[in-house]
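Taking it in order: structure first as structure tokens, then the write-up.
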Amino acid sequence: MPDGQGPIHEIKLGRIRATIWGNRTNRQTLWYSVTVSRKYRDGEQWKETTSFGRDDLPLLSKAVELAYGWIWKQTSQSTSESEE
């Protein structure tokens with residue numbers, strides 16, 4: 001189970017990345033958050049930004065859609081397991 005120390009899943013599409021984090025409330029309820037970033041090259045170094053250009057938007061949209069699907073699957077599985 002997620003312990004809040006690092007991401008629990010990443011979706012990478014080209015230079016776009018959606019990172020999924022698992023968090024727990026005081027009542028131990030698990031909830032998810034997502035951060036998105038884009039890699040770019042600055043000289044010889046690779047860096048990340050949370051700023052996106054027009055041409056990044058299709059991949060950004062797909063990465064967020066895939067992150068939503070992954071979270072939906074996790075929450076659906078945990079709901080069905082608790083009903084058993």
Side-chain angles (χ1 to χ4, degrees):
M1 276 287 140
D3 59 6
Q5 297 300 312
I8 59 173
H9 190 67
E10 287 186 335
I11 295 163
K12 296 177 184 177
L13 298 175
R15 291 187 276 162
I16 304 296
R17 177 170 53 185
T19 304
I20 302 171
W21 304 84
N23 304 284
R24 292 210 178 270
T25 65
N26 291 338
R27 295 183 210 157
Q28 294 301 306
T29 303
L30 179 62
W31 59 278
Y32 298 94
S33 61
V34 178
T35 56
V36 290
S37 61
R38 175 180 56 86
K39 283 189 164 190
Y40 69 97
R41 194 169 200 138
D42 184 11
E44 293 297 314
Q45 291 185 331
W46 283 98
K47 297 184 178 183
E48 281 191 36
T49 184
T50 56
S51 178
F52 304 93
R54 179 199 68 200
D55 295 340
D56 298 320
L57 297 179
L59 282 180
L60 176 68
S61 173
K62 186 63 177 178
V64 170
E65 179 184 346
L66 290 170
Y68 176 78
W70 188 90
I71 292 169
W72 183 266
K73 183 177 179 184
Q74 303 311 302
T75 55
S76 296
Q77 286 176 350
S78 64
T79 301
S80 65
E81 288 172 2
S82 65
E83 291 174 352
E84 293 178 352

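We number each residue from 1, following the sequence as shown.
- Considering NZ of Lys62 and CD1 of Ile11, their distance stands at 10.0 Å, rounded to 0.5 Å.
- Note that NZ of Lys39 is 13.5 Å distant from OG1 of Thr49, once rounded to the nearest 0.5 Å.
- For the atom pair Asp56 CG and Leu13 CG, the distance stands at 11.5 Å (nearest 0.5 Å).
- When all heavy atoms of Ala67 and Ala18 are compared, the closest pair comes out as CB-CB, 4.3 Å.
- Of the listed residues (Thr19, Val64, Ile71), just one forms a side chain to side chain contact (heavy atoms under 4.5 Å, CB included) with Val34, and that residue is Ile71.
- Between Ser37 and Glu48, the shortest heavy-atom contact is OG-OE1, 2.9 Å.
- In this structure, the separation between OG on Ser61 and CZ on Phe52 is 12.0 Å, given to the nearest 0.5 Å.
- Distance CZ/Arg15 to CZ/Arg41: 10.5 Å, rounded to 0.5 Å.
- Trp72 and Ile20 are assigned to two separate hydrophobic clusters, defined by single-linkage of ILVMFWY side chains at heavy-atom distances under 4.5 Å.
- Annotation: the span from Asn23 atom CG to Ile8 atom CD1 amounts to 8.5 Å, rounded to 0.5 Å.
- At a threshold of 4.5 Å between side-chain heavy atoms, the hydrophobic network of Ile, Leu, Val, Met, Phe, Trp and Tyr places Leu66 and Leu57 in one connected group.
- Summarising the local packing, OH of Tyr68 is surrounded by 12 or fewer heavy atoms from other residues, nucleotides or ligands at distances under 6.0 Å.
- The two atoms that bring Pro7 and Glu10 nearest to each other are CG-OE2, 4.2 Å, heavy atoms only.
- Using cut-offs of 30° and 60° for the angle between ring planes, the Trp70 and Tyr32 rings count as perpendicular.
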